[in-house]
Amino acid sequence: MSATDARAAPGAFQSALLSWYDRHARVLPWRVPPGSEERADPYRVWLSEVMLQQTVVKAAIPYFEAFTMRWPTVENLAAAPDEDILAAWAGLGYYARARNLIACARTVAEMGGFPDTEEGLRALPGLGPYTSASIAAIAFGRPATVVDGNIERVMARLFMVETPLPAAKPDLRAAADLLTPRERPGDYAQALMDLGAVICRPKAPTCLTCPVADFCEARGNAPERLPRKQPKQAKPVRHGLAYWAESRGKLLIVRRPPKGLLGGMAALPASDFTDSPPRLGDGAPFTAKWHRTGRTIDHVFTHFRLRLEIVKAKTSLANGPGEWVPLDRLEEAGLPTLFRKAVKTMLAAR
DNA sequence: AAGACGGGGGG
DNA sequence: CCCCCAGTCTT
């Protein structure tokens with residue numbers, strides 16, 4: 001009944017996992033089939049892995065399809081205007097990723113291609129330990145140790161690591177490192193990620209169909225409670241004002257400052273987001289008689305909740321601190337979800 | 001070492 | 001409604 005220690009028999013563990021992957025690999029638009037002779041395109045691997053940072057596969061797929069349709073190569077992407085790329089990223093979140101994506105594409109185009117080692121990749125903007133290892137393994141066949149949240153969960157259960165995250169990270173990485181094969185490292189990394197996503201799920205893992213259950217110490221020991229995590233703190237509520245400035249059927253859209261929250265993104269003019277409600281006019285794009293609309297948007301960011309009140313004014317301005325976008329073309333403005341919600345609410349009220 | 005940084009899906 | 005998920009960069 002006791003589990004076989006995978007660290008003592010890494011070859012057996014790898015074989016069990018890879019043969020499962022050969023039969024059950026998820027079909028994803030950036031993948032080549034398991035055991036394929038052809039290697040995956042580094043551009044597509046990079047783009048998908050950056051999109052998958054902090055993001056579930058299902059959310060990333062339509063963005064990946066749109067990006068690769070529009071920009072089939074890293075050179076195409078590097079040549080595109082910032083605003084086009086940011087607009088295409090709108091709704092996917094963590095916009096620093098998009099800013100780094102742009103910088104990375106231009107660096108790579110300049111270099112004449114992606115570096116083919118983990119160290120070389122790690123030096124590029126937006127590529128940390130996870131992404132550089134995954135590209136090195138998947139696109140270049142390097143035996144890099146790939147550790148994402150899925151793999152941390154699998155390791156914590158395989159070896160019954162009771163230490164809570166993030167303190168357990170070094171141990172989980174060491175375990176993953178011992179199991180990483182020299183052969184088929186890309187398939188192996190993707191197999192581990194598929195296992196975490198499909199079998200060794202956060203809640204209700206399906207151990208009955210797990211190809212490596214024989215190696216798992218947590219099997220039958222409530223695996224769903226692992227990995228343990230430090231309790232998270234409650235999100236404070238912040239308040240903000242957004243300004244609906246309408247002129248002859250057009251709405252004023254501004255560009256947010258390049259860094260910070262929603263940095264570089266198209267937006268409605270807005271106040272800072274503060275602990276207590278801002279004064280009417282704080283952050284307004286111009287002086288006007290701003291009226292409360294009674295419409296508010298509740299939106300959750302990573303570390304706070306936002307209550308955004310929308311105020312409006314009619315104007316006849318034809319220029320201003322932004323761009324006037326026709327009301328029926330706001331879908332193309334590249335607004336992130338917060339402001340997309342605001343637009344939807346305001347247009348529904350008409 | 002800790003905080004900043006989105007959004008979607010499930011119970 | 002609250003819960004969960006989860007890499008990189010900055011400070």
Side-chain angles (χ1 to χ4, degrees), chain A residues 45-63 86 88-104 118 121-135 144-156 164-170 172-173 176 189 192-193 196-198 200-205 224-238 240 256-267 272-273 297-308 334-342 344:
Chain A
V45 175
W46 163 72
L47 182 62
S48 67
E49 291 297 348
V50 172
M51 286 181 171
L52 290 168
Q53 291 167 7
Q54 305 288 100
T55 304
V56 294
V57 165
K58 190 181 170 202
I61 287 175
Y63 286 87
L86 292 172
W89 195 276
L92 200 51
Y94 286 103
Y95 298 98
R97 292 184 298 170
R99 303 194 295 270
N100 286 327
L101 189 86
I102 294 168
C104 186
E118 187 177 2
L121 290 159
R122 181 67 179 83
L124 294 169
L127 301 201
Y130 164 71
T131 313
S132 48
S134 63
I135 300 170
T145 299
V146 180
V147 183
D148 71 348
N150 281 312
I151 295 174
E152 283 185 341
R153 182 169 60 254
V154 171
M155 294 300 142
L165 287 170
K169 280 178 179 284
L172 299 174
R173 164 165 288 277
L192 223 37
M193 292 189 264
V198 175
C200 200
R201 303 177 297 197
K203 290 175 283 191
E224 66 282 353
R225 71 199 165 79
L226 297 173
R228 295 170 59 183
K229 305 206 167 180
Q230 288 294 348
K232 52 207 68 173
Q233 56 198 32
K235 296 179 193 232
V237 178
R238 292 191 191 167
R256 289 178 65 85
K259 295 189 175 192
L261 189 72
L262 308 175
M265 299 301 291
D272 289 341
F273 303 151
I297 300 298
D298 290 304
H299 190 72
V300 183
F301 289 100
T302 309
H303 55 297
F304 66 93
R305 297 163 185 285
L306 176 66
R307 167 146 279 201
L308 184 71
L335 295 170
T337 300
L338 170 66
F339 297 112
R340 202 131 44 171
K341 285 183 187 174
K344 185 177 178 199

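What's counted below: heavy atoms across the whole structure, side chains too, no hydrogens, waters or symmetry copies.
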Study note, to complete from the structure: Between the CZ atom in A:Arg201 and the CD atom in A:Glu224, the distance rounded to the nearest 0.5 Å is 11.5 Å

Review point. Taking the same atom, P, in C:dT11 and in B:dG6, what whole-Å distance lies between them?
Key: 15 Å

Exercise for review: Find the distance A:Leu101:CG to C:dC9:C1' and express it as a whole number of Å.
Suggested key: 15 Å

**Study point:** d(CG, A:Leu165; P, C:dA6) in whole Å
**Key:** 10 Å

Exercise for review: Indicate whether the side chain of A:Tyr94 and that of A:Thr302 have a donor and an acceptor atom separated by less than 3.5 Å.
Suggested key: yes

Exercise for review: State the dot-bracket string of DNA chain B. Criteria: Watson-Crick or G-U wobble, both atom distances under 3.5 angstrom; notation: ( ) intrastrand, [ ] crossing earlier pairs, | interstrand, . unpaired.
Suggested key: |||||.|||||

Practice item. Check for a donor-acceptor pair, side chain of A:Arg238 on one end and backbone N or O of A:Phe304 on the other, with a separation under 3.5 Å. Key: no

Revision key, fill the gap. Once base and sugar-phosphate atoms are separated, protein heavy atoms under 4.0 Å mark nucleotides 2-11 of chain B, 5' to 3', with B, S and - as --SBBBSS--

Exercise for review: Sticking with atom P, work out how far C:dC5 lies from B:dC5, rounded to a whole angstrom.
Suggested key: 22 Å

Revision key, fill the gap. Closest non-hydrogen atoms of A:Gly334 and A:Ala90, given as atom of the first, atom of the second and distance, are O-CB, 3.4 Å

**Study point:** Distance between C1' atoms of B:dG10 and C:dG7 (Å, rounded)
**Key:** 23 Å

Check your understanding: Excluding sequence neighbours, so at least two apart, what forms side chain to side chain contact (heavy atoms under 4.5 Å, CB included) with A:Pro164?
Key -> A:Arg228, A:Gln230

Check your understanding: Rounded to whole angstrom units, what separation is found between the CH2 atom of A:Trp46 and the P atom of C:dG7?
Key -> 18 Å

Review point. A:Arg153 near the nucleic acid: base, sugar-phosphate alone, or nothing, with a heavy-atom cut-off under 4.0 Å?
Key: sugar-phosphate

**Study point:** A:His303 ring center near A:Phe301 ring center (under 6.0 Å)
**Key:** no

Review point. A:Leu52 near the nucleic acid: base, sugar-phosphate alone, or nothing, with a heavy-atom cut-off under 4.0 Å?
Key: nothing

Revision key, fill the gap. Smallest heavy-atom separation, A:Arg97 atom then A:Leu92 atom, equals NH2-O, 3.0 Å

Study note, to complete from the structure: Between CD of A:Glu152 and P of C:dA6 the distance, given in whole Å, is 8 Å

Practice item. State whether the side chain of A:Arg256 and the backbone N or O of A:Leu261 hold a donor-acceptor pair below 3.5 Å, judged by distance alone. Key: yes

Exercise for review: Using atom NZ of A:Lys229 as one end and atom C1' of C:dG7 as the other, report the distance to the nearest whole Å.
Suggested key: 13 Å

**Study point:** Between A:Arg153 and A:Asn150, a side-chain donor and acceptor under 3.5 Å
**Key:** yes

